[in-house]
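Whatever order the structure lists ligands and atoms in, that order sets their numbers, starting from 1. Nothing fancy with the numbering, it's 1 onward along the sequence.
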Amino acid sequence: MTLSQTPVDDLAEGEARAELKMLAEKLNAASKAYYGDDAPTLSDAEYDTLWQRNLAIEARFPALKRDDSPSNLIGSAPQEKFEKITHAVPMLSLDNAFNDEDVADFVARIKRFLKIPEAEKVAFTAEPKIDGLSLSLRYENGTLVSAATRGDGAVGENVTLNARTIKDIPEILVGNDIPEIVEVRGEVYLGHKDFAELNARMEVEGKPTYVNPRNTAAGSLRQLDSKITASRPLKFFAYAWGEMSTMPSNSQMGMVEIFGRWGFQINPLMGLFDNVADLVAHYRKIEEQRADLGYDIDGVVYKVDDLVLQHRLGFVSRSPRWAIAHKFPAETAITKLLDIDIQVGRTGALSPVARLEPITVGGVVVSNATLHNEDYIKGIGSSGEPIREGRDLRPNDTVTIYRAGDVIPKILDVDISKRPAGSQPFEFPTKCPACGSHAVREINVKTGREDSSRRCTGGLICPAQAVEKLKHFVARNAFDIDGFGEKQAETFYNDGLIKTPADIFLMRARDEQSLKKLKDREGMGTLSAKNLLDAIDARRTIDLQRFIFALGIRHVGEGNAKILARTYQNVDTFINAMTQLGGGNSEVFAELVNVDGIGETAAHALAEFFSEPHNMNVVNVLLDEIEVQPAEQVANDTPVAGKTVVFTGALERMTRDEAKAMAERLGAKVAGSVSKKTDLLVAGPGAGSKLKKAKDLGVETTDEDGWFDLIGE
Ligand code: IVH
């Protein structure tokens, strides 16, 4: 299986469905191998990548979530760190009902199975389906001995130490009728208020925030350090059981009430009903209260109350025949799209955000919704939600928004009939709102399609990207200034001391003029200020490769920087060529693309960067302050110095990389394709079109042995 490279935001519904299926198969097989056969088939990192993608797709297409979705498991990838516990009785999942008819079918099915006449009554419990993660607690002689997550249902993880930190989980059961062995099962969850507080704390500490209470609860329970779990106010509702040495009741309701007496929290909304109409009425009542409960629920669970009947009904595959989860539909609301704002991310991507007239959906006041990208607003492309396909969004439109689970609200539909007269299509900016540089959509050379995001090209000056760019500029493989790391880049930027990389080299001169000296800053001092300025001076001479890399141009990593340095040799030639790249039609551009290793994508990114006057200003100021040394001197007195060489076909005495490095060392340029400019084609066995083209153009050709003869090795 190959993992799709398509960004989740760009997936069409059909693609998403197919991919979720593939991910479920792959992840479920991997967790079975891990738990059941004790032979992992995926590394933790591979598992995590697939797992995250599955979650992201489900967040975007909640309706496509599969019953066998791996995210139904425990909330994150199995990890070596916890011991495994084999459940004495497997932990099962529930079948779903999506409407009243499904519920009627469920009840009728049960009566048929038990051969109970339709008119006869069967009692069912109905209770909220808590959106958390299930946990099995084992008590021996009334004392908690272990706690296990569901895992794959057969084997879970031993999270006993963490479970002990949860207030709702009694260490010792209360009462004198406690069976010797008791396994109480239920849901660990996090309340809305606690979730919001925790996220606020994470934000203050500059840590990534959590997406929803369920993921947070899962992440918190699966902490190796139980002190962290203890700091998270997790809660627990008891609603089921595993192994019991004796049964204290013969009904579902009776069992849960007894759990309440033993010291567990049980859900107050659990009720007992004996017909479909009443079950569904209770469902509606719970649905109405959903927003005020203070914790997430995603449906109502109905269970046959009589345990003898439960036993007779048994299981179908992994769910009991005697229970069903009646799911809530995703919540929607109609409101007004006030405006479309464009935010610039740290990588320069322009993300549109809908500003909405505030409205309550699923108990939460919503005033923003994600708009993904430009095409989404236009109602075109695979990124649009299918229902809105062909309909664009404009400020002042009336829109339907929805929240499913806790995912970020989205726009589901637009009511064109309510569109004000004279309304104009939204014009997506082509200039970065943060810095005014032009913003472009790259063409993916593989697919030939435009990238879904428009990006700011003002890398060096854009305030939205500035801190990231500064960090990159001073990084170890770039300017590598001693004592000037990410932290300094961030504080100096925030304090207004530096805005662009060029400012770093102006710091000494400015400090001499300034009344607020560097040495007087908190945490500095005469010596450290001197050391810092000296360290900056020490980097006023830098080699071309590092200089190019430090600029932080998209698609120009260390590898490409090296190739560019070798190709252009010195900074003047380099800058000169880069400023002549133009829109992609120039000869300089064609030459650049033909340099082996540099693709069209990188060439376009370079062209964009150097055509942006803001960037050129910074580069020029920078170049006044520093000296860029020419690339590593390569031989100029060899038979191939200055020549453009192309290698093709199979090479037998050296690898392609070796061949390239050798040629470059000898002063040759290595190109990827044959053109009039090619001086020599080295063709191994199997050479095809390049050899033909070289012959057609009258380019000199030789074979591998001929190459070694030529260079005299
Ligand atoms: S009963 C044998 N009751 O839903 C059936 N499950 O989709 C055992 N859940 O794994 C489950 N609230 O994590 C039951 N009141 C409730 C529940 C509940 C949430 C979860 C549980 C289970 C999943 C099945």
Exercise. With a 4.0 Å cut-off, would you call Lys111 and Glu118 a salt bridge?
Worked result: no

For this session: Determine, for Lys303 against Glu127, whether the closest basic-nitrogen to carboxylate-oxygen distance falls under 4.0 angstrom.
Result: yes

Exercise. Would a line drawn from the ring center of Tyr302 to the ring center of Phe124 be shorter than 6.0 Å?
Worked result: no

Exercise. Quick check, are the ring centers of Phe328 and Phe98 under 6.0 angstrom apart?
Worked result: no

For this session: Give the numbers and elements of all ligand 1 atoms closer than 4.0 Å to a heavy atom of Leu92.
Result: 10 (O)

Problem set entry | Polar contact flag, side-chain donor to acceptor under 3.5 angstrom, Asn141-Thr143 | no

For this session: Could you tell me whether the side chains of Ser146 and Arg138 share a donor-acceptor contact shorter than 3.5 Å?
Result: no

Exercise. Short N/O distance, under 3.5 Å, between Trp322 and ligand 1?
Worked result: no

Exercise. When only distance counts, is Arg150 in polar contact with ligand 1, meaning an N/O pair under 3.5 Å?
Worked result: yes

Exercise. Who's closest to atom 7 (O) of ligand 1 heavy-atom-wise, of Arg185, Lys129, Met91?
Worked result: Lys129

Exercise. Who gets closest to atom 16 (C) of ligand 1 by heavy atom: Glu127, Arg214, Gln310?
Worked result: Glu127

Exercise. Heavy-atom contact under 4.0 Å between Pro128 and ligand 1?
Worked result: yes

For this session: Mark the output for Pro320 as yes if a heavy-atom distance to ligand 1 is under 4.0 Å, and as no if none is.
Result: yes

Exercise. Hey, is Val301 touching ligand 1 through its side chain, its backbone, both or neither, going by heavy atoms under 4.0 Å?
Worked result: side chain

